[in-house]
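Everything on this sheet refers to the single structure shown next.
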Amino acid sequence: MDIKKVAVIGAGTMGRGIAQVVSTAGVGVSLNDVNEEILSSALGTMAALLEKSEKKGKISGEDRKNILSRIHTTTKLDEAVANAGLVVEAVPELLDLKKETFKRLDKLSDGKSILATNTSQYSITEIASVVSDASRVIGMHFFHPAVVMKLIEIVRGLLTSEEVVMTLRDFSTKLGKETVVCRDSQGFISTRVLLALRLECYRLLEEGVASKEDIDKTLRLAFGHPMGQFELADFSGLDLEPPICESLAKVFGDRFRPPQNILHQVKAGRYGRKTGKGWYDYSK
Ligand SMILES: NC(=O)c1ccc[n+]([C@@H]2O[C@H](COP(=O)([O-])OP(=O)(O)OC[C@H]3O[C@@H](n4cnc5c(N)ncnc54)[C@H](O)[C@@H]3O)[C@@H](O)[C@H]2O)c1
């Protein structure tokens, strides 16, 4: 299977990064969102990042122009998926919305194209249940920021075909990424490990054992993590966490029950960097 065009559905934090990664590898991208303004903002983000890379000498001016010219934006899903060998869904982390999107993708896409979801935790098998041929549905989990992070976690649903797994592994290599493959299990490898660590950091703060600054400093300096968990949570968006914890707790029990302090941040609309305030203050 040779993938010559990729459709990315959802142009938010992840979708725009994934589109840039794909285009940088020389593959055409159709970036879709329900909101025209978000598509313009996505193009603006990508242009600014590419300009930075050019200034640092990582790419040429010609490269920058070519990468941007390979990205086409549209609010029309049928237009986005036409002739795409791979569709990567990156709409918000809501299971019903994802299933609704896959129902539409099933109808609109070429029956042979790979349908991938960037979900951080939902069951690939359940998302695939609304598609007539579940063997072409797979998890393709990029990390934020997609342009920088080296790993793609490939998640095999119960019915995902071996050919689709192999094609996606090869394509990820073409994107300059490393891969890990796991079977469908709530939270896969990455989200399960991450949330276990993060919730323990929140509990340390809630119990008054240490300040968030010192907990973050411990992770950075004792364990070599590039960021502490409070910093990283602010970077990714705190609003994503309660639904993820809820789903993990349903399967694994109380160890994934979120402490009050994270729930209060979200109730107060303090989602981290994207709202200017979260665990830390970015308003200045
Ligand atoms: N943010 C992260 O750090 C991160 C990391 C890895 C994976 N993910 C996963 O990636 C997915 C997207 O997360 P995000 O942080 O980019 O979310 P986001 O809210 O930043 O972006 C989602 C985008 O989808 C658009 N959208 C909503 N409904 C749509 C529809 N029906 N069709 C097309 N577009 C639609 C929204 O307008 C928005 O622009 C989620 O499944 C999330 O769990 C997020």
Side-chain angles (χ1 to χ4, degrees), residues 7-21 29-46 73-81 84 87-109 115-124 126-127 130 137-155 177 180 186-195 198 226-227 229 231-248 266 269 271-275 278:
V8 180
I9 315 305
T13 309
M14 293 307 294
R16 61 188 64 185
I18 296 167
Q20 187 176 328
V21 168
V29 186
S30 211
L31 180 60
N32 164 262
D33 202 286
V34 283
N35 186 330
E36 193 76 62
E37 281 171 24
I38 290 179
L39 288 172
S40 307
S41 127
L43 283 175
T45 308
M46 292 186 276
T73 59
T74 176
T75 53
K76 296 189 184 104
L77 189 62
D78 55 345
E79 191 181 311
V81 300
V87 181
V88 184
E89 167 275 311
V91 304
E93 190 73 341
L94 300 164
L95 185 57
D96 287 345
L97 175 62
K98 292 199 182 277
K99 285 166 87 172
E100 196 47 50
T101 305
F102 271 77
K103 258 188 211 166
R104 295 183 65 205
L105 291 175
D106 190 29
K107 287 203 187 94
L108 297 173
S109 64
L115 302 181
T117 171
N118 189 47
T119 179
S120 305
Q121 45 119 12
Y122 285 128
S123 164
I124 307 307
E126 183 167 355
I127 292 171
V130 300
V137 180
I138 191 162
M140 187 181 196
H141 187 199
F142 288 80
F143 298 87
H144 178 48
V147 174
V148 177
M149 300 309 281
K150 281 305 276 180
L151 190 70
I152 295 176
E153 185 176 40
I154 293 179
V155 187
K177 303 293 186 189
V180 289
Q186 193 72 40
F188 322 132
I189 307 170
S190 58
T191 302
R192 196 162 144 189
V193 169
L194 179 73
L195 263 294
R198 185 167 298 170
M227 291 169 111
Q229 283 302 313
E231 294 164 322
L232 187 57
D234 274 354
F235 186 65
S236 302
L238 302 187
D239 51 321
L240 300 173
E241 288 181 22
I244 295 180
C245 292
E246 211 173 283
S247 312
L248 286 165
V266 174
Y271 296 165
R273 283 181 183 266
K274 62 179 158 190
T275 56

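Counting from 1, the numbers follow the sequence of the chain as shown. Note that ligands are numbered from 1 as they come in the structure, with each ligand's atoms numbered from 1 the same way.
- Among all non-hydrogen protein atoms, the one lying nearest atom 15 (O) of ligand 1 is T13 CB, 3.6 Å.
- In this structure, G237 falls outside the shell of residues with a heavy atom less than 4.0 angstrom from ligand 1.
- The shortest N or O to N or O distance between M14 and ligand 1 is under 3.5 Å.
- Contact check for L194 versus L232: side-chain heavy atoms found under the 4.5 Å cut-off.
- Scanning all protein heavy atoms for the shortest distance to atom 28 (N) of ligand 1 gives L97 CD2, 3.9 Å.
- At a 3.5 angstrom cut-off on N or O pairs, H141 does not count as close to ligand 1.
- Under a 4.0 Å criterion applied to the non-hydrogen atoms of I38, ligand 1 contributes the atoms 37 (O), 39 (O).
- Considering D33, L77, L95, D239 only, the shortest heavy-atom separation from atom 37 (O) of ligand 1 involves D33.
- Within the 4.5 Å cutoff, the side chain of E126 has no heavy atoms near those of the K98 side chain.
- When heavy-atom distances to ligand 1 are checked against a 4.0 Å cut-off, Q121 has no atom that comes that close, whether in backbone or side chain.
- In this structure, the protein non-hydrogen atom closest to atom 27 (C) of ligand 1 is P92 CD, 3.4 Å.
- The presence of a protein heavy atom under 4.0 Å from atom 17 (O) of ligand 1 is ruled out.
- Using a 4.0 Å heavy-atom cutoff, K98 is listed among the residues neighbouring ligand 1.
- A heavy-atom distance below 4.5 Å is found between the side chains of R16 and I38.
- Ranking the protein heavy atoms by distance from atom 32 (N) of ligand 1 puts V34 CG1, 3.7 Å first.
- Taking 4.5 Å as the limit, every side-chain heavy atom of L240 sits out of range of all side-chain heavy atoms of S120.
- When heavy-atom distances to ligand 1 are checked against a 4.0 Å cut-off, F142 comes that close only through its backbone atoms N, CA, C and O.
- The minimum heavy-atom distance between E79 and S30, with the atom names listed, is O-OG, 4.3 Å.
- Checking S190 against E153 by side-chain atom types alone, a donor-acceptor pair falls below 3.5 Å.
- No side-chain heavy atom of Y122 sits under 4.5 Å from any side-chain heavy atom of T117.
- Contact of the F142 side chain with the M149 side chain is not registered, since no non-hydrogen atoms from C-beta on lie closer than 4.5 Å.
- From the protein, the heavy atom lying nearest to atom 41 (O) of ligand 1 is E93 OE1, 2.5 Å.
- Minimum interatomic distance between S109 and L115 (heavy atoms only, all atoms of both residues): OG-CD2, 3.9 Å.
- Side-chain contact between T119 and I124 is present, with at least one heavy-atom pair separated by less than 4.5 Å.
- Between H144 and ligand 1, no pair of N/O atoms sits closer than 3.5 Å.
- The nearest non-hydrogen atom to atom 40 (C) of ligand 1, considering only T119, T117, V91, comes from V91.
- Remark: ligand 1 and S120 share an N or O pair separated by less than 3.5 Å (distance only, no angle test).
- Smallest separation of non-hydrogen atoms from S247 and Q186: CB-NE2, 3.3 Å.
- For atom 33 (C) of ligand 1, the closest heavy atom belonging to the protein is N32 OD1, 3.4 Å.
- Shortest contact from atom 21 (O) of ligand 1 to any protein heavy atom: G12 CA, 3.2 Å.
- For R273 (side chain) and D234 (main-chain N/O), no donor-acceptor pair under 3.5 Å exists by modelled atom type.
- Contacts between E100 and ligand 1, counted as non-hydrogen atom pairs separated by less than 4.0 Å, are absent for every part of the residue.
- For the pair N118 and H141, the minimum side-chain heavy-atom distance is below 4.5 Å.
- Both the backbone and the side chain of N118 come within contact range of ligand 1, each with a heavy atom under 4.0 Å.
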